[in-house]
Protein chains: 2
Amino acid sequence: MDRDPSAEKNCAAVSAVPPPPGLTPGQQAVLTALRQQPQPLSAQALHGVMAVQRSIGLATVYRALDLLKLLGLVQHRVTLSGETLYSVVEHDHHYLTCLQCGVSVPVETCPVQELVAHLQRTNSFRIYYHTLEFFGVCDRCS
Amino acid sequence: MDRDPSAEKNCAAVSAVPPPPGLTPGQQAVLTALRQQPQPLSAQALHGVMAVQRSIGLATVYRALDLLKLLGLVQHRVTLSGETLYSVVEHDHHYLTCLQCGVSVPVETCPVQELVAHLQRTNSFRIYYHTLEFFGVCDRCS
DNA sequence: TACAATATGATAATGATTATCATTCCTGAG
DNA sequence: CTCAGGAATGATAATCATTATCATATTGTA
């Protein structure tokens with residue numbers, strides 16, 4: 001068996017921002033709901049699961065997600081079908097996506113932490129999260 | 001001055017697929033037009049620049065881009081505003097994007113080539129390209 | 001040369017996201 | 001404690017990139 005080449009394991013979030021600042025109840029609810037999801041979720045799906053317990057407008061969910069993104073608490077990724085999926089910034093979640101069938105399999109390693117630190121120094125950018133995604137064709141489709 | 005930490009330079013495309021197979025004239029035109037662009041371009045923008053010289057339908061441009069993606073000749077990335085930008089698969093183009101103002105600055109290094117090779121071996125996926133994108137807030141916005 | 005399959009174009013339809021706007025909530029000054 | 005100003009919320013209309021549709025044109029082939 002060959003060793004994993006670029007080996008840093010699943011890197012944890014770079015504590016981008018302190019704990020939640022003054023979030024409104026609605027924003028808190030969105031964050032809490034998102035934290036309970038095992039998988040990244042679309043805004044509409046999140047709205048769906050939230051609406052069961054608490055009434056909240058779809059627009060509010062979108063707005064809260066945008067805000068939470070800006071606070072470094074939530075990250076996003078866009079699927080091939082154009083949906084945006086949101087998840088809490090915790091661990092990196094990277095994917096290998098088939099351009100044909102759209103299936104995404106998670107990638108366990110992440111080789112970019114050093115690069116993040118470097119960019120942060122050289123670009124005067126506060127980096128909250130990153131997406132790393134591989135596109136190709138899975139064997140079933142080729 | 002500190003050295004660049006994760007140092008592989010701009011990695012070239014992994015010759016995903018041989019030269020162009022039997023592309024139709026329309027598909028060829030799309031590929032050619034895209035090759036002449038210095039920047040990644042949206043499908044509509046590409047259609048715009050193409051329409052000047054050659055009449056082509058917008059739907060055809062979309063279809064050709066999808067096909068070229070499937071052939072490993074073209075890659076895509078999605079902006080914060082939801083547009084999909086296309087470019088020829090040549091060198092990696094990675095970005096640092098401000099979640100506030102949306103500005104994207106290119107990132108010159110790419111630490112994932114080894115990982116690509118590894119994934120290719122362990123996942124029986126044919127990998128054509130990848131996207132690596134950093135999100136945060138630029139100093140002007142924070 | 002005629003057929004079957006595929007590509008193309010024009011346009012309608014889709015669907016996720018955003019804008020709008022009236023209402024409600026909250027906070028701080030008085 | 002009360003009121004005014006600002007922000008947040010919800011319902012819904014509007015937007016806009018992308019996709020589906022379908023009739024027509026093109027291409028490779030028997």
Side-chain angles (χ1 to χ4, degrees), chain A residues 20-34 39-71 73-87 97 99-102 104 135, chain B residues 20-34 39-71 73-87 97 99-102 104 135:
Chain A
L23 296 181
T24 69
Q27 293 158 358
Q28 272 290 357
V30 169
L31 181 56
T32 301
L34 196 60
Q39 300 291 329
L41 217 53
S42 73
Q44 305 206 32
L46 187 60
H47 175 253
V49 304
M50 291 186 69
V52 177
Q53 304 217 328
R54 180 187 195 285
S55 170
I56 188 169
L58 178 58
T60 301
V61 173
Y62 275 105
R63 284 186 286 234
L65 288 170
D66 278 346
L67 175 69
L68 294 169
K69 232 170 41 177
L70 237 31
L71 293 176
L73 297 172
V74 161
Q75 72 185 123
H76 82 279
R77 127 182 139 92
V78 180
T79 68
L80 284 183
S81 70
E83 287 185 314
T84 302
L85 303 185
Y86 298 86
S87 59
T97 299
L99 292 165
Q100 183 93 62
C101 64
S104 286
F135 297 96
Chain B
L23 296 181
T24 69
Q27 293 159 357
Q28 272 290 357
V30 169
L31 181 56
T32 300
L34 196 60
Q39 301 291 330
L41 217 53
S42 72
Q44 305 206 29
L46 187 60
H47 175 252
V49 305
M50 291 187 69
V52 177
Q53 305 216 327
R54 181 186 195 285
S55 171
I56 188 169
L58 178 57
T60 301
V61 173
Y62 275 105
R63 285 186 286 232
L65 288 170
D66 277 346
L67 174 70
L68 293 169
K69 232 170 41 179
L70 236 33
L71 293 176
L73 297 170
V74 161
Q75 71 185 123
H76 83 280
R77 124 183 141 92
V78 180
T79 68
L80 284 183
S81 70
E83 286 186 314
T84 301
L85 303 184
Y86 298 87
S87 60
T97 298
L99 291 165
Q100 183 94 64
C101 65
S104 286
F135 297 96

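Below, chains carry the letters A, B, ... as their sequence lines are ordered, and counting in each starts from 1.
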Rounded to the Å, how far apart are A:Glu83 CD and C:dT14 P? 17 Å

A:Leu58 CG to D:dA8 P: how many Å, rounded? 18 Å

Does any non-hydrogen side-chain atom of A:Leu23 lie less than 4.5 Å from one of A:Leu71? yes

Atom-to-atom span, NZ of B:Lys69 to C1' of D:dT19 - whole angstrom: 13 Å

Distance, rounded to the nearest Å, where B:Gln28 contributes CD and D:dT27 contributes P: 14 Å

N/O (side chain, A:Thr24) to phosphate O (OP1/OP2, D:dT9) under 4.0 Å: yes

Checking contacts here: which listed nucleotide (D:dG10, C:dG9, C:dA7) is nearest the side-chain heavy atoms of B:Thr60? C:dG9

Contacts of B:Arg63 and B:Leu80 projected onto DNA chain C by closest heavy atom; the upstream (5') one is B:Arg63

Of the listed nucleotides (C:dT8, C:dT17, D:dT9), which one gets closest to any side-chain atom of A:Gln44? C:dT17

Whole-Å gap separating C1' (C:dT8) and CE (B:Met50): 13 Å

D:dA8 C1' sits how many Å from A:Gln27 CD, rounded? 8 Å

So what does B:Thr84 touch, heavy atoms closer than 4.0 Å: a base, only the sugar-phosphate, or nothing? sugar-phosphate

Can A:Asp66 and A:Lys69 be counted as an ion pair, charged N to O under 4.0 angstrom? yes

Atom NE2 of B:His76 and atom P of D:dT18: how far apart are they, to the nearest Å? 10 Å

In whole Å, I'd like the distance from the NE2 atom of A:His47 to the C1' atom of D:dG10. 9 Å

